[in-house]
Amino acid sequence: MRIRTYHELTEPDRSGLATQIVAQRRRVAQRLAGVARLIAVMSGKGGVGKSYVTAHAARALARVGRRVGVLDADLNGPTAARLLGARDGRLAVREDGVEPAVGADGVRVVSMDQLLADGHPLAFRGPEAESFVWRGAAEAAALREFVADVAWGALDVLFVDLPPGLARFQELAELLPAPPAVLTVTIPTAESGDAVRRALRAALACGATPLGIVENMVGGAFVGEAGDTLAREFGTPLLARVPWHPTPDVWQQLAETIWNAV
Ligand SMILES: Nc1ncnc2c1ncn2[C@@H]1O[C@H](COP(=O)(O)OP(=O)(O)OP(=O)(O)O)[C@@H](O)[C@H]1O
Ligand SMILES: [Mg+2]
């Protein structure tokens, strides 16, 4: 592999990469033309219930007649398909793109889980496949393809379920025709509040609009008031306090709140 040095950077880029990315962004904009609202679900912290909240909020919106999709942007730990009962749903590849599987309550879902063999991690082919930097670039490219290839059709809301951390959010934001609205999930603890604060600041720096905070796993072992604190600091609403094993009315209320907020 030949690596260009900074002396050569003024030469025209012969890989055509820039042109490819521009074409892919154009395709993403066309794909998302029928999507009325895109909501990225993020948190600086892992395991706080992003995927759980996304799946249940999506189902509750679908139950009141909204057309809803979930894109699982967690390529390494995909869970959305299982949460929506669509893990065995095959993704049909048609001439005009990948058709999402239909999950519980009619929520359309696309997840790496539907493409990977049972229990196998996402792996890339190539001489540098094990390199950290190469893998990051390959994952960003996989996300671009994912977003550019899915034929969602007309949707009222598309949720993008993100992995923990910030990198995938930034890759997503760069791809989209407009910065997304961000639904932030935290648990009550101060540590979660710190992690979420950092992530949310960075997301806002990318131009994202904060939709609100969901405080999850309330009333159990986790003590604190991260939900209220973050809502106050960012001047954004605390959309819901979700207890352990919530009843359906909690999701219905959250769905209504989200619908009114976007
Ligand atoms: N309110 C809740 N009541 C009961 N179980 C919950 C609740 N919220 C989350 N869980 C469970 O906690 C676990 C972690 O949730 P989930 O996978 O949604 O977190 P996540 O933030 O998406 O994690 P990751 O950072 O790995 O993507 C799951 O087993 C989920 O079913
Ligand atoms: Mg998750």
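Quantities reported herein were computed from a predicted structural model and do not represent experimental measurements. Just so you know, ligand 1 is whichever comes first in the structure, and atom 1 is the first atom listed for that ligand.
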- Item | Under-4.0 Å heavy-atom contact with ligand 1, by part of Val185 that carries it | neither
- Query: Can an N or O of Thr79 be found at a distance shorter than 3.5 Å from an N or O of ligand 1?
  - Reply: no
- Ser51 side-chain N/O to Ala80 backbone N/O, donor-acceptor pair under 3.5 Å: no
- Message: Counting neighbours of CZ on Arg82 that are heavy atoms of other residues, nucleotides or ligands and sit closer than 6.0 Å, is the number greater than 12?
- Response: no
- Query: What is the nearest protein non-hydrogen atom to atom 31 (O) of ligand 1, stated with its residue, atom name and distance?
  - Reply: Tyr52 CD1, 3.5 Å
- Query: So does Asp88 have more than 12 non-hydrogen atoms from other groups sitting under 6.0 Å from CG?
  - Reply: no
- Query: For ligand 1, which atoms sit closer than 4.0 Å to a heavy atom of Gly46?
  - Reply: 25 (O)
- Query: Nearest protein heavy-atom contact for atom 4 (C) of ligand 1: which residue, which atom, what distance?
  - Reply: Trp244 CE3, 3.3 Å
- Task: Specify whether the nearest protein heavy atom to atom 28 (C) of ligand 1 is under 4.0 angstrom away.
- Result: no
- Identify which of Ala80, Gly44, Gly49, Pro243 has a heavy atom lying nearest to atom 19 (O) of ligand 1. Gly49
- Counting only non-hydrogen atoms of the protein, does one fall under 4.0 Å from atom 13 (C) of ligand 1? no
- Query: What residue and atom, counting heavy atoms only, is the protein's closest point to atom 17 (O) of ligand 1, and at what distance?
  - Reply: Ser51 CB, 4.3 Å
- Kindly identify the option in Gly77, Ser43, Gly47 whose heavy atom sits closest to atom 26 (O) of ligand 1. Gly47
- Task: Could you please spell out the steps behind the salt bridge (Lys or Arg N to Asp or Glu O under 4.0 Å) verdict for Arg66 and Asp156?
- Result: CA-CA 6 Å; Arg66 312 295 179 201; Asp156 294 309; 5.7 Å; no
- Note on the structure: Only residue of Val160, Asp74, Leu143 satisfying side chain to side chain contact (heavy atoms under 4.5 Å, CB included) with Arg168 is Leu143
- Of all the atoms in ligand 1, which lie at a distance below 4.0 Å from a heavy atom belonging to Asp74? 27 (O)
- Query: Can you find an N/O atom of Val48 closer than 3.5 Å to an N/O atom of ligand 1?
  - Reply: yes
- Task: Begin with the C-alpha distance, continue with both residues' side-chain angles, and end with the deciding distance and a verdict on side-chain contact (heavy atoms from CB on, under 4.5 Å) for Leu38 and Leu32.
- Result: CA-CA 9 Å; Leu38 189 144; Leu32 297 179; 4.0 Å; yes
- Message: Considering non-hydrogen atoms of the protein only, which is the closest contact for atom 8 (N) of ligand 1, and what is the distance?
- Response: Asn216 ND2, 2.9 Å
- Message: Please determine whether the number of non-hydrogen atoms from other residues, nucleotides or ligands lying under 6.0 Å from atom CD of Glu225 exceeds 12.
- Response: no
- Taking distance alone, with no angle check, do Pro163 and ligand 1 share an N/O pair under 3.5 Å? no
- Test of proximity, Lys50 against ligand 1: N or O pairs below 3.5 Å: yes
- Please check if the side chain of Ser192 supplies one atom and the backbone of Pro188 the other of a donor-acceptor pair under 3.5 Å. no
- Tell me which part of Leu83 gets within contact of ligand 1: side chain, backbone, both or neither, using heavy atoms under 4.0 Å. neither
- Query: Can an N or O of Asp161 be found at a distance shorter than 3.5 Å from an N or O of ligand 1?
  - Reply: no
- Task: Confirm or rule out an N/O/S atom of Ser51, from backbone or side chain, lying less than 2.8 Å from the Mg ion (ligand 2).
- Result: yes
- Task: Spell out, as yes or no, whether a donor-acceptor pair under 3.5 Å connects the side chain of Arg31 to the backbone of Ala148.
- Result: yes
- Message: Looking at Gln114 and Ala86, would you say the former's side chain and the latter's main chain have a donor-acceptor pair under 3.5 Å?
- Response: yes
- Between the side chains of Arg63 and Gln252, does any donor sit under 3.5 Å from an acceptor? yes
- Query: Any N or O of His245 that comes nearer than 3.5 Å to an N or O of ligand 1?
  - Reply: yes
- Message: One pair to check against salt bridge (Lys or Arg N to Asp or Glu O under 4.0 Å): Arg27 and Asp149. What are the steps and the verdict?
- Response: CA-CA 8 Å; Arg27 228 167 70 218; Asp149 286 346; 2.5 Å; yes
